[in-house]
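The structure appears below as structure tokens.
Just so you know, ligand 1 is whichever comes first in the structure, and atom 1 is the first atom listed for that ligand.
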Amino acid sequence: MRAALFDVFGTLLDVYSVTKRAEELFPGEGSRLAFLWRDKQIEYSRLRTLSGHYVPFSQVTRDALVFALRALRLPEQPDQITALLDEYKRLAPFADVAPALERLQRAGVQTGVLSNGDSEMLEPALVTSGLHRYIDIVLSADEVKAFKTSPLVYALGPRVLKVTAEQILFVSSNGWDAIGAAWYGYTSFWVNRLGLPLDELGRRPHGIGSTLGDAADFLLSFSNRNNTETAA
Ligand code: LAC
């Protein structure tokens, strides 16, 4: 395996880093708002894909925020909505991300992201977090107007990298995304940051760990093992 594709939101960048700003705007509700917002964002992405009613992930994210504010009976003021959406452009990277990506880059592994996010979201988030310097390729679900776990989205990886899905390590902290990628045919790795149980979908990712470093170890030991076998 000479290539790795990473999910972005929840895997490289912490979507719950919006909680601090949400708590400042709505004291006592920051955490609930952040969780409901994320849940609705994923739910809307799936509903729109299932029914063929695609809008870009930036719109899905805005719609989910408006719903979450309403559900929690919080005010829907435009400047507060803008302030929270701006947080998505400066989400905090998890501390284990830059060192792991740097190791892979040094080992000559091609690295990319494959995200539901459209370029309006991905570019500022990757640049502000400084992660863009470790990423060779940015692939967005927006190119196929569908969201994960649609095979149309996962197909972008092998198509652009010009290798089979099996030759790419797909890494996600969203368990359902790691399973979706395994279903498609990738070698997949779940970074189970929160110690959650594996989803009951009848499929296991090929590797499971708790940090992005574990995913890098998996890929590098896999490549070393195969190189040794080839040489023998
Ligand atoms: C992404 C979603 C899973 O980045 O948040 O694709």
Side-chain angles (χ1 to χ4, degrees), residues 4-19 34-50 54-65 67-68 84-85 87-94 96-97 100-101 111-129 131-132 134-135 137-157 159-160 165 168-184 186 188-194 196 198-199 201 205 212 215:
L5 282 179
F6 297 88
D7 169 56
V8 174
F9 299 109
T11 301
L12 303 183
L13 302 175
D14 184 0
V15 287
Y16 299 118
S17 61
V18 300
T19 307
F35 276 94
L36 186 56
W37 182 9
R38 171 67 172 173
D39 280 357
K40 276 285 154 185
Q41 178 199 47
I42 297 302
E43 185 186 333
Y44 286 175
S45 73
R46 291 171 178 162
L47 288 171
R48 286 188 170 279
T49 299
L50 274 170
Y54 179 85
V55 293
F57 204 51
S58 42
Q59 182 66 46
V60 167
T61 302
R62 171 182 284 274
D63 295 342
L65 174 58
F67 175 86
L84 285 168
L85 289 173
E87 288 300 304
Y88 248 82
K89 298 183 178 139
R90 48 172 168 267
L91 293 174
F94 290 102
D96 55 8
V97 169
L101 293 180
T111 54
V113 296
L114 174 57
S115 171
N116 276 346
D118 48 282
S119 55
E120 193 184 302
M121 295 178 81
L122 285 175
E123 272 166 32
L126 291 172
V127 170
T128 311
S129 62
L131 296 182
H132 64 295
Y134 307 112
I135 302 292
I137 293 166
V138 177
L139 300 175
S140 164
D142 196 43
E143 289 172 45
V144 291
K145 312 287 181 235
F147 295 114
K148 301 172 196 172
T149 54
S150 165
L152 292 174
V153 181
Y154 295 116
L156 285 168
R159 189 182 310 151
V160 174
I168 303 171
L169 185 71
F170 184 88
V171 182
S172 183
S173 292
N174 300 295
W176 52 268
D177 187 21
I179 291 172
W183 272 335
Y184 184 78
Y186 284 91
S188 96
F189 193 95
W190 180 28
V191 178
N192 184 9
R193 296 186 181 284
L194 303 174
L196 297 172
L198 183 69
D199 273 305
L201 290 167
L212 214 74

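Not a single heavy atom of Met121 sits less than 4.0 Å from an atom of ligand 1. Heavy atoms of Trp176 come nearer than 4.0 angstrom to ligand 1 in at least one pair.
Closest protein heavy atom to atom 6 (O) of ligand 1: Asn116 N, 2.7 Å.
Proximity of Lys148 to ligand 1, defined as any heavy-atom pair under 4.0 Å, is confined to the side chain (atoms from C-beta onward). Only side-chain heavy atoms of Asn174 come within less than 4.0 Å of ligand 1; its backbone N, CA, C and O stay farther off. Using a 4.0 Å cut-off between heavy atoms, Asp7 contacts ligand 1 through its side chain alone, with no backbone atom that close.
Looking at Asp177 next to ligand 1, no N or O pair under 3.5 Å apart turns up. For ligand 1, none of its N or O atoms has an N or O atom of Gly117 under 3.5 Å away.
Side-chain atoms of Ser129 come within 3.5 Å of backbone N or O of Leu126 as a donor-acceptor pair.
Residues Tyr88 and Leu13 form no side-chain contact, since every pair of their non-hydrogen atoms from C-beta on lies 4.5 Å or further apart. A heavy-atom distance below 4.5 Å is not found between the side chains of Leu5 and Ile137.
Of the listed residues (Thr61, Asp142, Asn116, Val60), just one forms a side chain to side chain contact (heavy atoms under 4.5 Å, CB included) with Met121, and that residue is Thr61.
For ligand 1, the atoms closer than 4.0 angstrom to any heavy atom of Arg38 are 5 (O).
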**OP:** Report the C-alpha distance between Lys40 and Glu43 in whole Å, list the side-chain angles of each, state the deciding distance to 0.1 Å, and finish with yes or no for salt bridge (Lys or Arg N to Asp or Glu O under 4.0 Å).
**Re:** CA-CA 5 Å; Lys40 276 285 154 185; Glu43 185 186 333; 3.2 Å; yes
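Residue Glu120 places its CD atom among 12 or fewer non-hydrogen atoms of other residues, nucleotides or ligands, all under 6.0 Å distant. Atom CZ of Arg62 is surrounded by 12 or fewer heavy atoms from other residues, nucleotides or ligands within 6.0 Å.
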